[in-house]
Amino acid sequence: MRLLVCGGAGFIGSTFARQRLREHGDEVTVFDKLTYAGREENFHDIGEDPRFRFIRGAIEDREALAAAVEAASPEAIVNFAAETHVDRSIAEPDAFVRTHALGTYVLLDAARERDLRYVQVSTDEVYGSIDEGTFTEESPLAPSSPYSATKAGADLLVQSYFHTYGLQALICRGSNNYGPYQYPEKLIPLMVLNALHGDSLPIYGDGMQVRNWIHSTDFAAAIGHVLEHGHPGDVYNAGGPDEEANMTVVRRIVELTGASESQIEHVADRPGHDVRYSLSSEKVRALGWEPRVRFEEGLGQTVAWYRDNGWWWEPIRSGDYRAYYERQYGRSLHG
Ligand code: NAD
Ligand code: DAU
């Protein structure tokens, strides 16, 4: 297939691009704005592949997008482009509204113009928090944060283009991803790098919040299954095989890195913090997908990847991320 992968310079989008090139022989054009989270370094091992192309631009920029669609001549668009950190959405929602609402709308128009198949990458956070049981695709949308509310708005726009214009549009909602190339603002890479540097490990509130962890290669594969086999107009949930409380995850990271439990520090809770996410993935499993990586194994590999790949995170940890960290946590990072 010829694919236009929007937001493909980020964590999951670059994992998807790598998987489609190597395992499916697709032709991949990444179209990405390169926000703080998007990095050409994420293509270090695929950038020279003749079937790969990178074009810089924002999905809300109609002209740049039209030029990218012209150059890529895709059979399908897969949209990963998003602002993705809940804490940043609480501090400054502006970019979340622009990218998720306006950006998704402009991108849907581009797909409609050429009658392209379209997959929107979405999140379990659109369902809100669940104390017991699991969310299915029929669960009502009840987002809590500006991040999840704007992602839910984007999903509704996608569905409107299916119902109104007959666009071959599908949605794949994932649970919490982890793995190589994840920007260190997120729980697992933040804790791994802080543990390795002797920084404190800031747990929001009591740390008993539960997340349904999925390895990024498993989520990328689920999106591929939806792209190839999904039914237009449908939503598919893709949740990981394991649920863990934040405290358990951080304690395991302490063990794996050889850090000290005394680095763990409880800090002010996230406003509107969702207590638990849990997804039923029966529908995407019926398309032939299943997660391959158990959390215990994947977490060990992820810690090893960060330990061995300082070239990837050192420029982040010595750059703008330091100022973000100070604003968010009220303290500086060590070296
Ligand atoms: P990320 O922050 O690592 O990457 C996002 C990418 O989108 C970056 O490369 C960024 O430059 C690009 N981008 C942002 N705004 C853009 C715009 N206006 N135009 C073009 N490109 C733009 O995020 P991620 O964790 O890889 O998430 C990718 C997608 O998966 C998002 O849609 C997110 O909502 C969804 N998702 C993430 C998770 C998770 O746990 N990380 C779970 C479920 C779903
Ligand atoms: O569930 C899918 C979502 O998972 C994605 O849609 C989002 O893009 C992604 O960022 C992620 O959202 P979370 O808010 O769950 O992820 P985060 O890594 O920010 O936090 C995970 C949990 O850890 C959450 O309960 C908050 C907690 N946490 C996080 C940070 C950064 C802490 O206790 N301390 C921290 O410093």
Side-chain angles (χ1 to χ4, degrees), residues 5-16 30-40 42 55-61 64-65 68 78-90 95-96 98-100 102-104 106-107 120-127 129 143-145 147-148 150-151 154 172-179 181-191 194 200-214 216 219-220 223 237-240 244-247 249-250 264-270 273-279 325 328-329:
V5 179
C6 299
F11 162 47
I12 309 169
S14 62
T15 304
F16 177 79
V30 164
F31 181 70
D32 194 296
K33 188 178 177 178
L34 295 188
T35 65
Y36 73 94
R39 303 179 73 209
E40 289 189 72
N42 293 347
I55 300 173
R56 186 172 187 175
I59 53 170
E60 65 272 22
D61 181 340
L65 180 62
V78 183
N79 183 29
F80 292 86
E83 294 290 335
T84 60
H85 195 37
V86 172
D87 293 328
R88 289 189 195 250
S89 85
I90 293 167
F96 292 74
R98 196 172 337 107
T99 293
H100 303 172
L102 181 62
T104 305
V106 173
L107 191 54
Q120 176 77 359
V121 180
S122 185
T123 168
D124 58 2
E125 297 200 15
V126 298
Y127 300 118
S129 189
S144 317
S145 70
Y147 164 69
S148 50
T150 51
K151 287 293 288 185
C172 186
R173 295 182 178 140
S175 61
N176 279 65
N177 278 239
Y178 70 101
Y181 308 102
Q182 186 169 31
Y183 195 82
E185 66 195 348
K186 307 287 170 32
L187 179 77
I188 288 179
L190 183 150
M191 296 295 174
N194 282 18
S200 70
L201 307 174
I203 304 246
Y204 295 159
D206 62 9
M208 296 317 289
Q209 302 81 12
V210 171
R211 295 295 184 261
N212 181 191
W213 294 101
I214 185 168
S216 50
F219 186 41
I223 295 162
N237 291 341
E244 301 288 352
N246 296 337
M247 273 308 287
V249 173
V250 174
I264 296 177
E265 189 182 334
H266 291 270
V267 300
D269 208 349
R270 172 185 279 174
H273 200 166
D274 285 334
V275 173
R276 176 172 171 263
Y277 301 136
S278 181
L279 278 184
Y325 195 91
Q328 178 64 22
Y329 297 94

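Counting convention: from 1, in listed order, for ligands and their atoms alike.
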Trainee: Is a side-chain donor-acceptor pair under 3.5 Å present for R173 with Y127?
Mentor: yes
Trainee: Quick one: which ligand 2 atoms are inside 4.0 Å of a heavy atom on I203?
Mentor: 33 (O)
Trainee: Name the option, out of R276, R211, Q182, R270, that contains the heavy atom nearest to atom 17 (P) of ligand 2.
Mentor: R270
Trainee: Pull out every atom of ligand 2 sitting under 4.0 Å from any heavy atom of K186, numbered as shown with elements.
Mentor: 10 (O), 18 (O)
Trainee: Counting only heavy atoms, tell me which of F11, Y147, Y183 gets closest to atom 5 (C) of ligand 2.
Mentor: Y147
Trainee: Do Y204 and N246 have side-chain N/O donor and acceptor atoms under 3.5 Å apart?
Mentor: no
Trainee: Out of T123, I214, D124, N176, who is nearest to atom 4 (O) of ligand 2 when you count heavy atoms only?
Mentor: N176
Trainee: Heavy-atom contacts with Y329 under 4.0 Å: which atoms of ligand 2 show up? List them by number with element.
Mentor: 30 (C), 31 (C), 35 (C), 36 (O)
Trainee: ring-ring contact (aromatic ring centres under 6.0 Å, His included) with F11: which residues, sequence neighbours excluded?
Mentor: none
Trainee: Can you sort out which atoms of ligand 2 are near Y277, meaning under 4.0 Å from one of its heavy atoms?
Mentor: 1 (O), 15 (O)
Trainee: Applying side-chain hydrogen bond (donor to acceptor under 3.5 Å, both in side chains), can you list everything that pairs with Y277, at least two apart in sequence or on another chain?
Mentor: E125, D274
Trainee: Before giving the answer on side chain to side chain donor-acceptor pair (under 3.5 Å), spell out for Y329 and N194 the whole-Å C-alpha distance, their side-chain angles and the decisive distance to 0.1 Å.
Mentor: CA-CA 13 Å; Y329 297 94; N194 282 18; over 6 Å; no
Trainee: Measure from atom 32 (C) of ligand 2 to every heavy atom in Y178, Y204, Y127 and give the option owning the shortest one.
Mentor: Y204
Trainee: At a 4.0 Å threshold, what atoms of ligand 2 neighbour a non-hydrogen atom of H85?
Mentor: 19 (O)
Trainee: Going by salt bridge (Lys or Arg N to Asp or Glu O under 4.0 Å), name the pairs with one or both residues in residues 202-214, residues two or more places apart or in two chains.
Mentor: none
Trainee: With a 4.0 angstrom cut-off on heavy atoms, strictly below it, pick out the residues next to ligand 1 and order them by chain and number.
Mentor: G7, A9, G10, F11, I12, D32, K33, L34, T35, A37, G38, G57, A58, I59, E60, F80, A81, A82, T84, T99, V121, S122, T123, Y147, K151, G174, S175, N176, N177, F219
Trainee: So for H273, does at least one of its heavy atoms come nearer than 4.0 angstrom to any atom of ligand 2?
Mentor: yes
Trainee: Can you check whether Y183 and Y36 have ring centres sitting under 6.0 Å from each other?
Mentor: yes
Trainee: Does ligand 2 have an atom that lies less than 4.0 angstrom from a heavy atom of K151?
Mentor: no
Trainee: Near E185, which atoms of ligand 2 are under 4.0 Å from a heavy atom of that residue?
Mentor: 31 (C)
